Amino acid sequence: MLFIALTCPACAQMPMSPPAVGSVSMPARGADTDPIFQAPSTRQMADRLQAVFAATDWKFDNYKVARRVAYYSSLLSTQHLSLHDDTTVREQLAKEMLYQGDSESAVRQFEEVRRRWQRSGEAMPAAAAKDLGSWLAIAYLRLGEQQNCATTHGRTACLFPLQKSAAHQLPRGAEGVVRELTALLQADPQDAQSQWLLNVAYMQLGRYPQDVPRAYLIPESRFASEASLPEFPEVAASEGLDITSHAGGVIVEDFDGDGLLDVMVTSSGPLDQMHLFHNNGDGTFRDVTRRSGLMGETGGLNLVLTDFNDDGHPDVLVLRGGWWGKQGCYPMSLLRNNGDGTFTDVTEQAGLLSAHPTNTAAWADFDNDGWLDLFVGHETRPGSGSGSDPADLHPSQLFHNNRDGTFTEIGAASGLADLGFVKGVAWGDFNNDGRPDLYVSVMYGRNHLFRNDGPRDPADIRKGWRFTDVTAQAGVDKQSNSFATWFFDYDNDGWPDIFVAGYSLDASSGVGAFEIGRPVQAEVPRLYRNQHDGTFKDVTAETRLDRVILTMGANFGDLNNDGWLDVYLGTGDSTYQALLPNRMFLNDRGQTFKDVTTVGDFGHLQKGHGIAFADLHRTGFEDVFEEMGGAQPGDSYQAALYRNPGNHNHWITLRLTGVRTNRAAFGARIDVMVVEGNKPRHIFRTVGYGSSFGGNPLEQHIGIGSAAAITQVEVTWPTSGTVDRIRNVRADQRYTLREGEGRLSPLP
């Protein structure tokens, strides 16, 4: 065998005092020329992150692909290889070039493999020829995207179904896709993934549907929207938010207290710098990363919003290493908002420093002491039992807030450590008893719903907390592979329901089959309606969400201010062939969810990760921001911002401040009462509820439909039990409410 023995070292214990590795290399943003501010502890974290990356195994680390390209290139140039060995090495080289982003070279190497077999006079084995054709199609596909969508990025680029204006000006890539996929389909007409991508390629050429062979045509009717909605124009470039990233996270929040919502974005590449964009208040944003103290904070597949020290300034948790296994032993970062426009990394001081692969965490005051606690879900791979390599074991963690800026870990003592390969977590009070419960979404296994049953020992929190696994009896264990999840009251009955996205690593072919209209076995999302008795009913089919969607980033909000929460699902996986439209679903009065992807122009084909619904422009309507890009080094893309055109519906926005309750008001329940069409109506929201892979602001934007006035706003505070009731509230205003004061204060 020509290849070196590939071994994967165990995750080493992360050094508490990392070696200095020199200056951190940062990607530049043209407008950000501010002087750099960086606290000593942030510099220490930056050095630590660099040290972890330097120590990973180049044979397995996705982001050390250049080393593997050099290795396979040297084999071709220094070894005298047989045709079969040359094919093996050259194909692997081509794949690494493709992952690196050098699609042109990848195409050249794959084509060279075919030419060498043709010149040899020997027939390439059928299975190998099919595999080569598939990889060539993928390489041409990515080449076309890079030369057209990414390089000459326009407002309609990659929005599905592609219009004539989005046709590729450089058609070579799409032409190669059509050629290769047509041959594959002639050999196997049941190849659903190839049929799906063939139709996409014809769209890229501006030749859909007329030139698609009838046997392979997916009719336009398959993409029709199910409800009316105006177009939400994609405006990230004109507003200064079109940052190019890999898979990452987003938080939209007023980080500097000026009343405008800012945008924070991460990108999962280990050397990718996170960014903070300040809202200028004029429809544009400025990159203020350098002056904000965030330089050196690299990587991060997800971001989670908090106020861990209860000072009224929103803080941020950065999560790293998700999906990477032994190469993903990166620390998370707790970024303290200093209240002056800067952040300081306080991870080690807070007692949160650990090295585990994760992309999910959630904050809640689980013991109702007025301070936010933290659950972090880590990724233990299947089969990682007591006799396994310790590096494969990554227990999840529950951190109790000590009220002094530090935390105590009590996950194992609370029965929340050994949960498997955790991909999503969310807190929510499903039984309305005043204590937040925990839902855990798991890959390669069953999900968990833990009921919060109070302290094991009221005198000593270190002995753990009683969380009872009620998953089976509650009826929320239907999936074996899932990802993003959240609690929300989709039917406005005052009881939180659960959404959890289905996800399978081999599901991109299933999505193709679903789009074509064939039966599929892939996992679907699940929507569980709260039955008010500790159980849930699976209403996925009833609400028409039983669709195969390869969901990664996801979130919810109210697109049209009708008071019903809508859902946006970012799609894709780590492969280039996962070229699937992101999907928007409009909530039809809590009865069904209707696909409005194409009518609203939300169907971006690039991979969608962190998603946020927020009134970025202070128009009274929620825009949608989506962080874009894939997991491979060569799979980056620009972020998208879909601007809400608005309508005639009314709204109210509430920003709550806790006193005995945590200041950020996580867990506070809101009941907005209106009269609409001569009928009374309740609209419910809970502060802190949000997606495990999205970042909505803490302010609660609540649409009230055609109601021109609000009969009453009622807020129930979880720690004190206080209920604030304010009657006869004017609509179309932003207000603050302080716990126990019983009055709303208007904001400009």
Side-chain angles (χ1 to χ4, degrees), residues 17-51 53 236-246 248-267 269-300 303 305 307 309 311-318 320 331-350 405 616 625 627 636 638-639 695:
S17 298
V21 293
S23 299
V24 180
S25 176
M26 304 297 173
R29 286 287 294 175
D32 188 8
T33 57
D34 292 323
I36 293 177
F37 164 76
Q38 190 180 50
S41 58
T42 305
R43 160 54 65 183
Q44 187 179 34
M45 177 58 77
D47 290 344
R48 181 177 287 118
L49 294 172
Q50 290 277 308
F53 178 67
S238 63
E239 301 201 1
L241 286 174
D242 60 330
I243 182 172
T244 298
S245 307
H246 297 104
V250 63
I251 290 176
V252 173
E253 182 54 73
D254 179 7
F255 286 111
D256 54 5
D258 65 354
L260 299 171
L261 295 173
D262 311 304
V263 179
M264 183 179 286
V265 178
T266 57
S267 178
L271 304 182
D272 294 351
Q273 171 65 46
M274 72 182 300
H275 289 268
L276 175 61
F277 295 92
H278 175 259
N279 190 330
N280 296 323
D282 60 359
T284 66
F285 293 79
R286 181 190 175 201
D287 189 333
V288 294
T289 306
R290 292 165 61 93
R291 72 182 186 193
S292 66
L294 296 174
M295 295 301 287
E297 294 287 346
T298 56
L303 289 170
L305 185 64
D307 181 5
N309 55 0
D311 65 354
H313 303 301
D315 312 302
V316 173
L317 184 72
V318 185
R320 302 182 175 98
M332 56 188 174
S333 283
L334 179 61
L335 305 178
R336 184 189 66 212
N337 187 331
N338 299 320
D340 60 359
T342 68
F343 291 82
T344 298
D345 192 309
V346 295
T347 313
E348 188 167 3
Q349 300 95 305
L616 282 167
F625 181 88
E627 195 276 344
S636 59
Q638 295 95 333

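Since the model is a prediction, treat every value here as computed from it, not as a measurement.
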Side chain Asp307, main chain Asp311, donor-acceptor under 3.5 Å: yes

Could you tell me the separation between the CG atom of Leu261 and the CZ atom of Phe255, rounded to the nearest 0.5 Å? 9.5 Å

Minimum heavy-atom separation for Phe37 to Arg291, with atom names? CB-O, 3.9 Å

Check whether Asn280 reaches the backbone of Asp282 with its side chain - one donor and one acceptor, N or O, closer than 3.5 Å. no

Dump the intermediate steps for side-chain contact (heavy atoms from CB on, under 4.5 Å) on Asn337 and Val316, then the final yes or no. CA-CA 8 Å; Asn337 187 331; Val316 173; over 6 Å; no

Closer than 3.5 angstrom, by distance alone: can the side chain of Glu297 be matched with the main-chain N or O of Ala46 as a donor-acceptor pair? no

Is it true that a side-chain atom of Asn279 and a backbone atom of Leu616 form a donor plus acceptor pair closer than 3.5 Å? yes

Keeping Asp254 on the side-chain end and Gly259 on the backbone end, is there a donor-acceptor pair under 3.5 Å? yes

Between Met264 and Leu303, what is the shortest heavy-atom contact and its length? O-CD1, 3.7 Å

Looking at every heavy atom in both Leu335 and Leu294, which two are closest together, and how far apart are they? CD1-CD2, 3.7 Å

Any donor and acceptor pair, going by atom type alone, linking the side chain of Asn309 with main-chain N or O of Gly405 inside 3.5 Å? no

Please report the interatomic distance CG(Asp272) to OG(Ser636), rounded to the nearest 0.5 Å. 8.5 Å

Would you say the side chain of Thr347 lies within less than 4.5 Å of the side chain of Pro331, judging by non-hydrogen atoms? no

Using a distance-only test with no angle check, is there a side-chain donor-acceptor pair under 3.5 angstrom linking Arg320 and Thr266? no

Output for pair (Asn338 CG, His313 NE2), nearest 0.5 Å, gives 8.5 Å

Atom of Gly312, atom of Pro314 and distance for their closest heavy-atom approach: O-CD, 3.9 Å

Once rounded to the nearest 0.5 Å, what's the spacing between atom CZ of Arg336 and atom OG1 of Thr342? 8.5 Å

Nearest heavy-atom approach of Asp258 to Leu260 is OD1-N, 2.9 Å

Here the gap from Leu276 atom CG to Phe285 atom CZ, rounded to the nearest 0.5 Å, amounts to 11.0 Å

Show your reasoning for whether side-chain contact (heavy atoms from CB on, under 4.5 Å) applies to Val318 and Met332. CA-CA 5 Å; Val318 185; Met332 56 188 174; 5.9 Å; no

Phe53 vs Thr298, side-chain contact (heavy atoms from CB on, under 4.5 Å): CA-CA, chis, key distance, verdict: CA-CA 11 Å; Phe53 178 67; Thr298 56; over 6 Å; no

Nearest-0.5 Å distance, CE of residue Met274 to CD1 of residue Ile243: 10.0 Å

Looking at Arg48 and Asp345, is any side-chain nitrogen of the basic one under 4.0 Å from a carboxylate oxygen of the acidic one? no

A side-chain contact here means heavy atoms from C-beta on lying under 4.5 Å apart; do Glu348 and Ser41 qualify? no

How close do Ala639 and Glu627 get, counting heavy atoms only, and between which atoms? CB-CA, 4.4 Å

When you measure from the side chain of Thr42 to the backbone of Thr344, do you find a donor-acceptor pair of N or O atoms at a distance under 3.5 Å? no

